[in-house]
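Proteins come first, then strands; the chains are lettered A, B, ... in the order of their sequence lines, and each starts at number 1. Note that this is a predicted model, so its numbers are computed, not measured.
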Amino acid sequence: MTGLLQALGGRVIAGLHGTGQSLLLLLRLLRGAPIGVRRPGLVIEQIYTLGALSLVIIVVSGLFVGMVLGLQGYYTLTDFGAAEQVGVMVALTLLRELGPVVTALLFAGRAGSALTAEVGLMRATEQLSSMEMMAIDPERRILVPRLLGAFIAVPLLALVFSAVGVFGGYLVAIGMVGLDAGAFWSNMQQAVSMQDDILNGVIKSVVFGFVVGWIALHKGYTAVPTSQGVSRATTLGVVHASLAVLGLDFLLTALMFG
Amino acid sequence: MQERLVEIWVGVFVVIALLASLFLALQVSGLAELRQTPGYQVVATFDNVGGLRERAPVRMAGVRVGRVERIELDPQSHQARVVLRIDERYDSIPVDTRAAIYTSGLLGEQYIGLEAGWEEEALSAGDRLQETQSAVVLERLIGQFVRSMGE
């Protein structure tokens, strides 16, 4: 009995410890953020590896998500004789939810895992300690540019995702199903608002980019310095980042569109 | 060289993202339409605007001549006060034009239809459309129908 209680207590304390540690790390990283202005080259390099190299997966999945949305929307909406509204459905779903969320999930899988593994391996091979020996702050030199890179890359990727998705929906609705292009666009323009839909979607993706980058870096930075520890940190990073994105999405949706 | 390539790719990435946001802003949200087209405002009061929304089109003979700018409740008369923005090029609409709220299709959006009057004098900024016809509220229609059936 006491053993069970002890296990539970230990778990809770470890969890709280991890949370507090990651928060402290975040605060230190935020304080170090000006390095992004002083040495923009570091951040640009990260935008390249995190953002530009993720473009292919984002464009391809955006296209297919949009096409599937268009097709499913068409099947459902024709029952109500409202097939012209398919553009509205595709655009609003993408801009408000799927664009930011799927981008963040893909980003966590494609780039977040790489971040965790990279930083974790730096820890395991004692590159971080040797930097400290050379009086270089590894948090500022390694972590901050990566966090800023994720913070900048994810909103841009989400915008690309939404735009490509709308185009995919257009391809299905006009090319495959044969709806009228004019009605498709004009209904969409009637329903979509710049502030309520597009801007809120961008705000969401900014938050997601930040959270995914933060979780991935924290997992890597605190990884147990063995090959097993790094692999475990990578898995946990992706899982936690995905869960955080989904949970935050619900919160943000309730705040924004309530 | 390596450095340069990285920067070029980041530039390409940012340009693609900018194009995407431009596409979303202009083509998807119709921000281009939101841009103040030169025009003049006229006011119409309705007993009931139904599901009319701001930015809804204003049509005359089916042709789009403007859009609904603002809908508010007149605190004195308790009627809906709808401000319409008519495009500048339609400057010869008669003053006794009638405004009515119609629905496009059975479930479609609501819009304001204008029916030209006979006066020589044209509408100008700030004028009020005298004759208006409210939106058809389905429940009220059904209520009337049921009552007439009962008689």
Is there a side-chain contact between F13(B) and L53(A) in this structure, where contact means two heavy atoms from C-beta onward sitting under 4.5 Å apart?
no

Looking at E120(B), I'd like to know if its CD atom is crowded, meaning that more than 12 non-hydrogen atoms belonging to other residues, nucleotides or ligands lie closer than 6.0 Å.
no

For atom CD of E121(B), is the number of surrounding heavy atoms from other residues, nucleotides or ligands below 6.0 Å larger than 12?
no

Measuring heavy-atom distances to chain B, does V166(A) have an atom under 4.5 Å in its side chain, in its backbone, in both, or in neither?
side chain

How about F46(B): does its CZ atom have over 12 heavy atoms from other parts shown lying under 6.0 Å from it?
yes

List the atom of Q27(B), the atom of Q189(A), and the distance in Å for their closest heavy-atom pair.
O-NE2, 2.8 Å

L55(A) versus chain B, the contacting section by heavy-atom distance below 4.5 Å:
side chain

How long is the straight-line distance from CG of L159(A) back to CG of L19(B), given to the nearest 0.5 Å?
11.5 Å

Quick one: closest heavy-atom pair of I198(A) and L24(B), and the distance?
CD1-O, 3.5 Å

If I measure from the heavy atoms of chain B, does L95(A) come under 4.5 Å with its side chain, its backbone, both, or neither?
side chain

Quick check on L156(A) against chain B: is it the side chain, the backbone, both or neither that has a heavy atom closer than 4.5 Å?
both

Minimum heavy-atom separation for A17(B) to V160(A), with atom names?
CA-CG2, 3.7 Å

Within 6.0 Å of CH2 in W9(B), more than 12 heavy atoms from elsewhere
no

Out of L92(A), L94(A), V192(A), which one pairs with V28(B) under the side chain to side chain contact (heavy atoms under 4.5 Å, CB included) rule?
V192(A)

